[in-house]
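One structure below.
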Protein chains: 2
Amino acid sequence: MRIEDIALEAGVSTATVSRVLNNPDLVKPQTRERVLEVVRRHEYTPNSLARGLMTKKSKTVGVLIISITNAYYMEITEAMQRRFRDAGLMMLLAATDDRPELERAYIREFAARRADGIIVIDASEENFSDGFFAREATRRPLVLIHSNAAITASPLDQVYVDQRLGMRRVMDYLVGLGHREVALLRGERGFSYDVKEAARAKWLSERGLPERPELVFRIADGNTEDAIPLAEEAVGAAIREGRLPSALFACNDLMARGAVNAATKAGLRIPEDLSIIGHDDTILAVSGRIQLSSVDLKMRSVGAAAAELLLSALHDEGSRPPRTVRIEPELVIRDSAAPPSPHTAPPHATPSHATNLHA
Amino acid sequence: MRIEDIALEAGVSTATVSRVLNNPDLVKPQTRERVLEVVRRHEYTPNSLARGLMTKKSKTVGVLIISITNAYYMEITEAMQRRFRDAGLMMLLAATDDRPELERAYIREFAARRADGIIVIDASEENFSDGFFAREATRRPLVLIHSNAAITASPLDQVYVDQRLGMRRVMDYLVGLGHREVALLRGERGFSYDVKEAARAKWLSERGLPERPELVFRIADGNTEDAIPLAEEAVGAAIREGRLPSALFACNDLMARGAVNAATKAGLRIPEDLSIIGHDDTILAVSGRIQLSSVDLKMRSVGAAAAELLLSALHDEGSRPPRTVRIEPELVIRDSAAPPSPHTAPPHATPSHATNLHA
DNA sequence: GTCCTTAATGTAAGCGCTTACATTTTGAGT
DNA sequence: ACTCAAAATGTAAGCGCTTACATTAAGGAC
């Protein structure tokens with residue numbers, strides 16, 4: 001069924017059918033109804049490829065993420081999809097597996113398909129720094145979602161998730177509770193870990209407090225299921241050897257959960273003997289007996305903001321100056337942190353550890 | 001940049017440029033190189049809308065799921081995306097929020113965009129039974145992913161996840177361990193709960209065992225985060241009132257986790273005092289101190305199979321008879337189930353409960 | 001050199017829409 | 001009944017590609 005068939009059957013020209021479909025009030029109610037009847041009877045749907053060819057709009061937005069099985073990304077994506085649904089846009093979704101060359105390839109593909117706009121979550125540093133995105137943004141609306149403060153000043157539409165603020169809030173809270181030291185548990189490699197570690201270091205140095213590298217614990221894989229046992233192992237060892245202070249921040253809930261398991265296994269009570277804070281506020285935070293305090297990155301707000309940014313760019317077409325929206329993470333306080341017990345030594349304290357406390 | 005610009009600059013006709021891009025060996029190596037040079041220099045990418053208009057192929061597949069923030073669906077989706085990437089197809093993703101009318105609308109939209117194929121996960125009963133999918137399948141490759149045994153015989157491409165088998169395996173295992181009764185914990189409404197409850201009932205009746213409706217526990221919401229506390233509450237009450245037998249199957253890991261929490265809180269040991277089996281084998285199964293045995297639905301295999309089915313349908317175009325692939329869930333055994341302790345009464349046993357055990 | 005087959009390229013007709021512009025209808029104003 | 005602007009519709013030119021068919025170039029065989 002093509003528009004011509006409908007036109008023939010309704011006894012009008014293709015232009016009129018097109019008008020009925022796109023600008024109904026340009027056509028006389030009577031004719032309109034006649035055309036619509038035929039359209040309905042044949043369940044005719046215009047070919048959007050042909051339409052897109054003419055209008056240069058595909059009603060499509062390309063969304064690029066690192067991994068599909070990642071609650072963080074998918075919450076953002078869901079929020080966007082909701083917004084786009086209302087705007088009549090469809091979403092092309094692709095995962096880069098954190099490979100910069102795939103990132104480029106997919107963006108090219110989006111371009112080839114004439115996506116009206118593109119959203120990239122946690123883009124690779126590489127493609128950003130060589131101006132690839134800046135160039136791309138001149139061709140069509142592009143919005144970046146990330147936590148990289150360095151990018152913030154670039155003239156690009158972006159949603160900046162201020163993880164440094166989140167980190168500050170964690171430190172404020174824990175230290176406010178009376179903890180003298182806060183250990184950090186992170187994955188070996190990954191931008192988000194670096195951001196958090198750096199933010200913690202900054203917080204400490206701003207207060208003239210020492211950064212003690214031995215309080216940063218690294219596990220090989222912080223992102224997948226394996227992070228839980230790995231974290232459990234690392235934290236278990238630290239407890240046994242008395243290397244753990246009274247508070248621990250884990251860079252995500254997976255690791256936090258592992259830490260909780262290790263502590264429980266070692267006979268430590270949470271939060272009395274050890275305070276633990278997680279990050280991302282995923283289902284894991286609320287799944288166990290003890291409910292983890294965690295940093296909520298507000299993914300839904302992030303997704304909504306990104307969608308809104310793109311939509312407005314689509315609308316204003318051209319002259320509009322790029323905007324950057326900053327999202328403030330929130331520390332969700334539950335039951336996994338408390339003041340360090342004054343009457344108790346830090347978990348399995350050793351003399352050397354006690355000394356370190358005053359370092 | 002259009003193909004014509006490239007042609008002009010390379011001093012050939014548009015047809016030749018098109019050939020260079022689509023059938024390189026139809027053109028003399030020397031000309032080919034000249035054209036490619038221009039293409040590269042301008043980073044020219046053919047407009048796939050125009051191409052699709054001619055070829056009647058969009059290199060796109062539409063994927064429809066109920067919710068984007070659902071680990072189950074996303075694992076399937078990730079497996080598909082991997083396969084489609086290799087095949088040069090892009091994925092349009094949309095969520096129906098379990099609304100049949102949205103399901104239809106999106107499928108129409110996929111059709112309008114001339115998606116080469118469509119995959120629907122857990123389609124609504126409604127759209128299936130009124131022949132909507134059957135009709136749709138005549139127009140373009142369509143594959144359904146579901147657990148509905150009733151559909152299995154339909155002449156449609158489908159991936160059938162045999163949850164009944166999974167349920168049987170759970171019952172075999174638990175009863176094999178020596179449990180006399182197995183409680184079921186489910187959400188109030190939802191097809192997947194019904195399937196499991198029915199499979200359990202069937203298993204029991206095949207063995208002449210009584211179905212005791214009071215051993216089926218329902219909570220209002222089994223799908224979201226709230227399921228954990230709701231399950232905890234329900235199971236906690238059942239324990240207190242001695243209504244819980246020595247084994248419990250939860251329809252998903254959320255509820256299983258809630259059950260574990262309730263048992264722990266009540267001072268019960270798992271698995272010694274209470275055996276618990278979860279379902280879906282998500283991260284929740286391995287996140288806590290006690291590792292939950294759970295039914296793995298093999299989502300990755302499901303996704304891969306669905307993609308393969310679609311790809312083969314795309315390839316054979318037409319005459320190919322529809323196939324249905326059956327996926328066998330697997331019971332992953334961890335630490336949450338054990339034989340009921342012979343020396344101990346069932347948890348908080350009451351006389352009436354003890355009587356029921358022999359019913 | 002001529003003839004003929006095959007390889008290489010060009011020409012032009014669409015694919016199914018939208019839309020600028022041209023033409024016809026309509027109806028209020030006189 | 002006649003004008004004329006406004007409303008309704010039609011005509012046809014593309015949008016940027018692919019591809020059937022036509023044409024030209026290349027290279028053996030004689």
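Heavy-atom basis, side chains included; hydrogens, waters and symmetry copies ignored. Lettering of chains follows the sequences in order, A, B, ..., and the numbering in each one begins at 1. Since the model is a prediction, treat every value here as computed from it, not as a measurement.
- Set against D:dG16, D:dT19, C:dC17, the side chain of B:L53 has D:dG16 as its closest nucleotide.
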Test B:E125 against B:N148 for side-chain contact (heavy atoms from CB on, under 4.5 Å), laying out the working first.
-> CA-CA 9 Å; B:E125 189 86 36; B:N148 189 343; 3.3 Å; yes
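- One can place CE of B:M54 at 8 Å from P of C:dC15, the figure rounded to the nearest angstrom.
- Between the NZ atom of A:K56 and the C1' atom of D:dG16 there is a distance of 8 Å, given to the nearest Å.
- Going from atom CG of A:L142 over to atom CG of A:D157 covers 8.0 Å, rounded to the nearest 0.5 Å.
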Sugar-phosphate atoms are those with a prime plus P, OP1 and OP2; base atoms are the rest. Using that split, label each nucleotide of nucleotides 6-12 of chain C B, S or - for protein heavy atoms under 4.0 Å, 5' to 3'.
-> --SBBB-
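- For the pair A:I3 CD1 and C:dT19 P, the computed distance is 11 Å after rounding to whole Å.
- A sub-4.0 Å separation between OP1 or OP2 of D:dG16 and a side-chain N or O of B:Y44 is absent.
- We find that CG of B:N22 is positioned 17 Å from P of D:dG16, with the value rounded to whole Å.
- Screening A:R82, A:R323, A:R83 for a salt bridge (Lys or Arg N to Asp or Glu O under 4.0 Å) with A:E308, the sole residue that qualifies is A:R83.
- When rounded to the nearest whole Å, the span between CD of B:Q30 and P of D:dA25 equals 15 Å.
- At the phosphate of D:dT18, OP1 or OP2 sits under 4.0 Å from a side-chain N or O atom of B:S18.
- C:dT18 atom C1' lies 10 Å from atom CG of A:N23, rounded to whole Å.
- Salt-bridge check for B:R85 with A:D97: passed, with a basic side-chain N closer than 4.0 Å to an acidic carboxylate O.
- Distance CG (A:D5) to P (C:dC15): 11 Å, rounded to an integer number of Å.
- Here C:dC17 presents its C1' atom at 11 Å from CD of A:E4, a figure rounded to the nearest Å.
- A salt bridge links A:R40 with A:E33; the closest basic N to acidic carboxylate O contact falls under 4.0 Å.
- Between A:R104 and A:N127, the shortest heavy-atom contact is NH1-OD1, 2.6 Å.
- For the 3.5 Å distance criterion, the side chains of B:R113 and B:T60 fail to qualify, holding no donor opposite an acceptor.
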